[in-house]
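The structure displayed is predicted, hence computed values, not measured ones. Chain letters run A, B, ... following the sequence lines, proteins first, then strands; residues in each count from 1.
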Amino acid sequence: MIRFLNSLTRKLEKFEPIDPTGKQVKMYTCGPTVYSFAHIGNFRTYLFEDLLQRHLEARSFMVQRVMNITDVDDKTIRNSRIAGVPLQEFTKQFTEAFFEDMRTLRIKDAQFYPAATEPENIAQMIAMIDELVKKDIAYQAEDGSVYFRINRFAHYGQLAHLDLDELRPSGRVQSDEYEKENLGDFALWKAWDAEDGLVGWDSPWGRGRPGWHIECSAMATRILGPQIDIHCGGVDNLFPHHEAEIAQSESCTGKKFVRYWLHSAHLLVEGQKMSKSLGNFYTIRDLVARGFTGREIRYALLCVNYRLQLNFTFDGMTQARQSLLRIDEWLQRLRDLAGNVAADPAFAPAHSDAFFAALDDDLNISAALAELFEQIRATNRLMDSNQLESGEAAALLQWWQRVNQVLQIQSDEEVVPPEVQQLLEARAASRASKDWQRSDALRAKISELGWFVKDTRDGQKVTKSIK
RNA sequence: GGCGGGGUAGCCAAGUGGUAAGGCCGAGGUCUGCAAAACCUCUAUUCGCGGGUUCGAUUCCCGCCCCCGCCUCCA
């Protein structure tokens with residue numbers, strides 16, 4: 001039984017999709033606003049969503065996932081103006097960078113990546129706003145923008161558990177938005193102004209652009225229909241973004257929009273909030289430039305439960321690297337032992353389902369990884385005393401395939417270059433004649449080429465050096 | 001002021017009314033000509049503080065302290 005902590009009810013709930021066959025899962029994940037490179041905090045959320053999708057698939061669900069690309073909003077417009085580049089051209093580069101980073105982190109592609117500015121999406125947004133205006137839930141204010149009347153949606157505030165009457169205006173509320181009937185009313189359609197330049201679409205309310213919240217409601221309902229199973233995002237989206245999505249979508253369709261809301265916590269960097277001014281703001285590229293691989297970043301960002309604040313540190317990156325090496329070594333031992341022998345079907349590895357069972361419990365990744373490492377230690381012990389059969393090793397490798405399908409942390413295949421191979425052969429020969437000096441010299445040469453040799457019972461083993 | 005998350009070994013971090021998973025670091029050992037980023041073993045009489053309930057609490061209740069987040073467009 002899979003259970004998730006639903007932000008809406010704040011309870012741990014059994015997961016059951018809407019689909020009558022119980023197999024199809026409709027999942028909507030809030031994607032990036034492509035105004036610059038996404039940072040590790042963004043990717044922490046995308047990694048959590050990836051783990052979620054992969055685990056559901058490991059449990060035989062068919063996941064249909066949508067991730068939107070917000071390619072028009074205040075920030076994209078502002079930054080494209082600063083760059084002196086047309087909006088589309090400006091957002092294109094960051095959209096591409098985003099997909100590159102997603103691949104670096106081995107995040108599985110969604111089936112749909114709708115962008116807000118695509119004509120069919122703009123059309124859907126206009127249609128929804130029109131519907132809301134006709135129902136008198138939305139209104140056009142004096143500034144020309146169209147706003148959602150939050151008073152017309154009885155459940156507004158239910159997701160964030162906010163009592164709107166007790167809202168204390170924070171510094172971020174612009175009190176000069178007198179055009180709105182109610183301070184909490186949010187924009188569905190923003191009337192064009194000079195700052196928008198060439199950006200704008202014609203609508204029944206004049207030229208303008210969509211508000212951020214309506215983008216997600218429109219794209220989610222257009223692609224997945226009026227009701228979806230899981231909707232995720234970072235906690236910061238909980239209010240007002242997701243609250244607004246519920247209000248808009250349910251006001252239009254009359255149906256419950258989302259069954260399970262899952263929100264990931266933010267991350268800190270070295271104990272502090274990540275910010276450019278503190279100099280602790282990192283993109284995936286920054287970390288790659290420092291010599292970390294995608295899977296190391298993936299592991300470091302994934303190994304803490306998504307609902308807990310994660311403190312990203314370089315010590316943590318080292319811990320991730322070391323933990324992965326342990327797994328690599330174990331796999332290599334298993335492969336050496338298994339050879340080409342078929343997996344023993346009668347062999348059921350201990351902890352074989354425990355890994356997945358741990359993830360069933362609201363993606364308890366810590367407990368799941370503990371099961372993996374227990375497995376590693378147990379089988380290493382057996383291999384130390386030659387008590388693991390080849391067929392059993394092969395069965396463990398099969399188990400690992402299932403585990404790795406969820407974790408995606410296996411090291412990339414390393415192809416030993418011919419020149420390194422030659423040096424290894426020469427070294428093997430010098431070792432056979434106990435010419436240790438020559439052996440050590442060759443080891444140094446191989447090291448210069450970026451490879452690390454170690455001598456085991458079964459001869460030399462070579463791996464790519466860590467940077 | 002309101003709502004929420006968290007305080008478990010040097011670091012990261014699970015967990016349960018019955019006596020503390022796992023990872024990193026560290027120590028010892030094994031293997032090795034040496035080396036190794038390898039393997040094994042060990043490493044919290046104790047779970048922020050003070051009360052209470054209980055045969056027994058880290059786990060339940062009450063009070064307190066500290067850290068963090070959100071409260072109208074930041075994953």
Side-chain angles (χ1 to χ4, degrees), chain A residues 7 10 29-33 38-49 70 73-75 150 157 160-170 172-174 177 180 183-187 190 211-213 215 232-241 243-244 263-268 271-275 299-300 303-305 307-311 313 315-316 318-330 332-333 358 361 364-374 376-377 380-381 383-385 431 434-437 439-440 443 452-457 461 463 465-466:
Chain A
S7 304
R10 290 185 179 169
T29 48
C30 279
T33 300
H39 54 68
I40 54 174
N42 299 110
F43 284 105
R44 197 248 172 139
T45 296
Y46 306 146
L47 280 166
F48 137 65
E49 292 159 353
T70 297
D73 81 320
D74 293 351
K75 283 177 299 197
I150 59 168
H161 298 85
L162 289 176
D163 183 345
L164 295 169
D165 298 333
E166 289 180 10
L167 273 193
R168 181 165 103 169
S170 74
R172 282 158 57 187
V173 179
Q174 292 182 12
E177 285 188 280
K180 295 194 283 188
L183 201 62
D185 290 353
F186 54 87
K190 293 185 163 189
W212 179 41
H213 309 314
E215 290 180 15
C232 335
V235 274
D236 55 306
N237 280 165
L238 205 140
F239 191 86
H241 185 55
E243 194 74 59
H263 292 95
S264 62
H266 278 189
L267 58 73
L268 299 174
Q272 289 183 294
K273 195 168 176 172
M274 182 167 63
S275 74
Y299 188 93
C303 69
V304 175
N305 182 276
R307 281 185 288 100
L308 297 180
Q309 199 166 52
L310 166 69
N311 186 15
T313 62
D315 184 51
T318 305
Q319 294 187 13
R321 169 172 287 173
Q322 293 306 120
S323 302
L324 288 170
L325 286 174
R326 178 123 194 258
I327 296 168
D328 294 347
E329 290 289 343
W330 174 68
Q332 196 49 54
R333 278 185 93 177
D361 183 21
N364 189 338
I365 187 68
S366 300
L369 288 172
E371 298 296 344
L372 170 61
F373 283 103
E374 296 263 21
I376 290 174
R377 188 151 37 81
N380 274 335
R381 218 182 279 143
M383 286 191 279
D384 281 352
S385 54
R431 293 181 64 71
K434 296 199 187 292
D435 183 350
W436 306 126
Q437 255 194 329
S439 168
D440 290 350
R443 180 164 63 195
F452 179 83
V453 200
K454 57 186 171 184
D455 302 301
T456 72
R457 240 182 297 181
K461 290 278 159 63
T463 49
S465 301
I466 296 166

Residue whose nearest RNA chain B nucleotide is more 5′ - A:Ala265 or A:Thr318 = A:Thr318

Remember a base hit wins even if backbone is also touched, and classify A:Leu308 as base, sugar-phosphate or nothing at under 4.0 Å, heavy atoms.
-> sugar-phosphate

Between A:Trp436 and B:G33, do the rings stack, that is, sit under 5.5 Å apart with planes less than 30° off each other?
-> yes

Cut-off 3.5 Å, side chains only: do A:Asp315 and A:Gln319 have a donor facing an acceptor?
-> yes

Could you tell me the separation between the CG atom of A:Asp315 and the C1' atom of B:A13, rounded to a whole number of Å?
-> 13 Å

With a 4.0 Å cut-off on heavy atoms, is A:Gly41 in touch with a base, just the backbone sugar-phosphate, or nothing at all?
-> base

Rounded distance (Å) that lies between atom P of B:A13 and atom CZ of A:Phe373 = 15 Å

Got a donor-acceptor pair under 3.5 Å from the side chain of A:Gln309 to the base of B:G69?
-> no

May I ask you to decide if A:Gly157's main-chain N or O and A:Glu243's side chain share a donor-acceptor pair within less than 3.5 Å?
-> yes

Any side-chain N or O of A:Asn364 less than 4.0 Å from the OP1 or OP2 oxygen of B:G15?
-> yes

Go ahead and name the base partner of B:C74; Watson-Crick or wobble counts if both distances stay under 3.5 Å, otherwise write none.
-> none

Salt bridge or not for A:Lys190 and A:Asp73, using N-O below 4.0 Å?
-> no

State which of B:C24, B:A75, B:C73 makes the closest approach to the side chain of A:Trp212.
-> B:C73

Identify, between A:Leu369 and A:Thr313, the residue whose nearest nucleotide on RNA chain B lies closer to the 5' end.
-> A:Thr313

Selection from B:A14, B:C11, B:U72 that lies nearest to any side-chain heavy atom of A:Phe239 | B:U72

Taking atom P in both B:A38 and B:C60, what distance in whole Å separates the two?
-> 39 Å

Protein-nucleotide distance (A:Ile365, atom CD1; B:G15, atom P), rounded to Å | 13 Å

Taking atom P in both B:G52 and B:A57, what distance in whole Å separates the two?
-> 11 Å

Could you list the residues that satisfy side chain to side chain contact (heavy atoms under 4.5 Å, CB included) with A:Asn305, not counting sequence neighbours?
-> A:Arg307, A:Leu308

With a non-hydrogen cut-off below 4.0 angstrom, is A:His266 in contact with a base, only sugar-phosphate, or nothing?
-> base

When you compare B:A14 with B:U8, how far apart are their C1' atoms, in angstrom units rounded to a whole number?
-> 10 Å

Would one find a side-chain N or O of A:Lys273 under 4.0 angstrom from OP1 or OP2 of B:C70?
-> yes

In the structure shown, which nucleotide is the Watson-Crick or G-U wobble counterpart of B:G50, with both distances under 3.5 Å?
-> B:C62

Any idea which of B:G22, B:C3, B:G33 is nearest the A:His161 side chain?
-> B:C3

Base, sugar-phosphate, or nothing for A:His263, non-hydrogen atoms under 4.0 angstrom?
-> nothing

What integer number of Å spans the P atoms of B:G10 and B:G48?
-> 14 Å

Can you find a side chain N or O atom of A:Arg307 that sits less than 4.0 Å from OP1 or OP2 on B:G5?
-> no

For B:C39, give its Watson-Crick or G-U wobble partner with both distances under 3.5 Å, or none.
-> B:G29

Mind listing the closest non-hydrogen atom pair of A:Tyr46 and A:Cys30 along with its distance?
-> CE2-O, 3.5 Å

What orientation do A:His241 and A:Trp212 show, parallel under 30°, tilted 30 to 60°, or perpendicular over 60°?
-> parallel

For B:C31 versus B:G17, give the span between their P atoms, rounded off to a whole number of Å.
-> 45 Å

Roughly how far apart, to the nearest Å, are B:C49 and B:U54 at atom P?
-> 23 Å

Counting primed atoms, P, OP1 and OP2 as sugar-phosphate and everything else as base, the B/S/- map of nucleotides 34-44 of chain B against protein heavy atoms under 4.0 Å is BBBBSSSS---

Rounded to the Å, how far apart are A:Leu267 CG and B:G6 P?
-> 17 Å

Is any NZ, NE, NH1 or NH2 atom of the basic residue among A:Arg443 and A:Asp440 found under 4.0 Å from an Asp or Glu carboxylate oxygen of the other?
-> yes

Would you indicate what A:Ser264 reaches in the nucleic acid, counting non-hydrogen atoms under 4.0 angstrom: base, sugar-phosphate, or nothing?
-> nothing

Please measure how far the C1' atom in B:A27 lies from the corresponding atom in B:A9, and state the result in whole Å.
-> 15 Å

Between B:C11, B:G33, B:C74, which nucleotide gets closest to the side-chain atoms of A:Lys75?
-> B:C74

Separation between the C1' atoms of B:C25 and B:A13, rounded to whole Å = 14 Å

State the pairing partner of B:C3; accept Watson-Crick or G-U wobble contacts with both distances under 3.5 Å, and report none otherwise.
-> B:G69

